[in-house]
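What follows is a set of notes on a single structure, which appears directly below.
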2 protein chains.
Amino acid sequence: MPGKYVCTNMDGGGMARPALTRDEVLDSAADLVKRHGPAALTMRGLAAELGTAVTSIYWHVGNRESLLDALVERTVADLGEIRPVGRTPARRIASVARALRRQLRDHPHLVAMVHERGLTERMFLPAQQALVREAHAAGLRGARAAEVVRAVQFLVVGHVLVERNRERAPAQRPGEQELWGARTADGDPALARTLAWPVDPEKVFTASVKALVAGLLEAAPETARGPGPS
Amino acid sequence: MPGKYVCTNMDGGGMARPALTRDEVLDSAADLVKRHGPAALTMRGLAAELGTAVTSIYWHVGNRESLLDALVERTVADLGEIRPVGRTPARRIASVARALRRQLRDHPHLVAMVHERGLTERMFLPAQQALVREAHAAGLRGARAAEVVRAVQFLVVGHVLVERNRERAPAQRPGEQELWGARTADGDPALARTLAWPVDPEKVFTASVKALVAGLLEAAPETARGPGPS
DNA sequence: ACCTGAACACCGTTCAAGT
DNA sequence: ACCTGAACACCGTTCAAGT
């Protein structure tokens, strides 16, 4: 789906390939990356997908690295808003964390690519500002508020990275089942049973976020509860 | 440093290269990976390092993938013990988290490689058992204890992955300094100042661990405080 | 049993040449 | 302005041939 393109060839149509566009290249590349990851994006494969010579791509985007740069820039610019929901600051912070996780999960390869290109701060700025407002609403200021912002950001990004790694390698070899017989569980069969089951990363995430936020707000002044400002 | 090798060539020494050993190959490969990451481990480069033909390596290790397999297996087997320290379960759990982080940081490329090979569970088993004992000491059992184990593990692994990404891309382009002028900070100059400074990942980590553990143990029964069993 | 070079199918990238 | 094929220097891997 190249969308619209400017037709610059003068032969009045016919079977000739319509002129190649930079946007067309980016669309095709984005599609490949989204489906199979950055490693699957080869210049030759991309050319084949587009039906052009490899070297034409170089004319439009320079080289593979700047192609990836442009891709990341475009994706970051297209990320949606982050809107906190919930009745207490704690819930609203947790909702920001969940929204952030969803954004990152929708672009599974984005985080690593963004980091590699030093765009992290720009990418997270909206979420950070939402978190700042909620930290203020919870009565935290200065360094304490910054702590909340960064702890939540690291937790979310870290979780997404871990989840991505887990999904790429679904078959665990010794298998948690064999490892967590009753013997290793310090005499707690219920725990052994839970740990022998495959992890539900979503549950771990929500539980972690809840615990982290609770811990971060624990010693906060009791003023300014309820829905935040703005 | 090939260490000891069995001399199987019959020419009685001289300038001929001593027989190539599987261990020698693994040592050299481990060195390359530790210094420059798995991507820098090329069969040709490794052969050059060892002073042999590329194809000799194939005789000893099969192919690149099984070479990496063997490498990971060896590294995982060589990981040290995890010994909790501290006077309360909360502190002891935090100490396990810190020890785990240190182990992973000492082998910067290990996590991803281990995950890709499905060895995660085997690798984390010792830390998990330590965490189980401490969760029990804190009065948590069953699913609640499992929650602690998994939340801590995800937090640590996630943090290490984030840190690794950050270290690979030190130069952030818009720069946190420009982004966090007083305007964006919701009228909190102290916070703006903190966020404009480069992050200290170690501080974020210790703060996050402390908050997470506090949140996880919050509603725990007040029995069984003080140093754990074992 | 162990090592070798030649060869194959892949990469990204450059360059001179076409229209 | 835009596209092309040929060529270069890299990959991992296989194979027949050496000792």
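Here the structure is a predicted model, which means the values were calculated and not measured. Numbered from 1 within each chain, the chains take letters A, B, ... in sequence-line order.
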Could you check whether any side-chain N or O of B:Asn63 sits under 3.5 Å from a backbone N or O of B:Ser66, counting only pairs where one atom can act as donor and the other as acceptor?
yes
Report the distance from atom CG of B:Leu50 to atom P of C:dC3, rounded to the nearest whole Å.
11 Å
Can a side chain N or O of A:His60 be found less than 4.0 Å away from OP1 or OP2 on D:dA1?
no
Kindly point out which of D:dC3, C:dT4, D:dT4 is positioned nearest to the side chain of A:Ala53?
D:dT4
Closest listed nucleotide, where the reference is the side chain of B:Leu20 and the choices are C:dC3, D:dC2, C:dT4:
C:dC3
N/O donor-acceptor pair under 3.5 Å between A:Ser56 side chain and A:Thr52 backbone:
no
Determine which nucleotide pairs with D:dT13, using a 3.5 Å limit on both distances of a Watson-Crick or G-U wobble pair.
C:dA7
Mutual orientation of the aromatic rings belonging to A:Phe124 and A:His115 [parallel < 30°, tilted 30-60°, perpendicular > 60°]:
tilted
Report, as a single string ordered 5' to 3', how protein heavy atoms within less than 4.0 Å touch nucleotides 6-14 of chain C: B base, S sugar-phosphate only, - not at all.
BB---BBBB
Report yes or no: does B:Thr21 contribute a side-chain atom to a donor-acceptor pair with the main-chain N or O of B:Glu24 at less than 3.5 Å?
no
With both distances under 3.5 Å as the test, what is the Watson-Crick or G-U wobble partner of C:dC2?
D:dG18
Within the supplied structure, the quantity of interest is the number of heavy atoms (other residues, nucleotides, ligands) at a distance under 6.0 Å from B:Arg83 CZ; does it exceed 12?
no
For residues 94-115 of chain B, the salt bridge (charged side-chain N to carboxylate O under 4.0 Å, His left out) pairs (sequence neighbours left out) are B:Arg101-B:Glu163, B:Arg101-B:Glu202, B:Arg105-B:Glu163, B:Arg105-B:Glu167
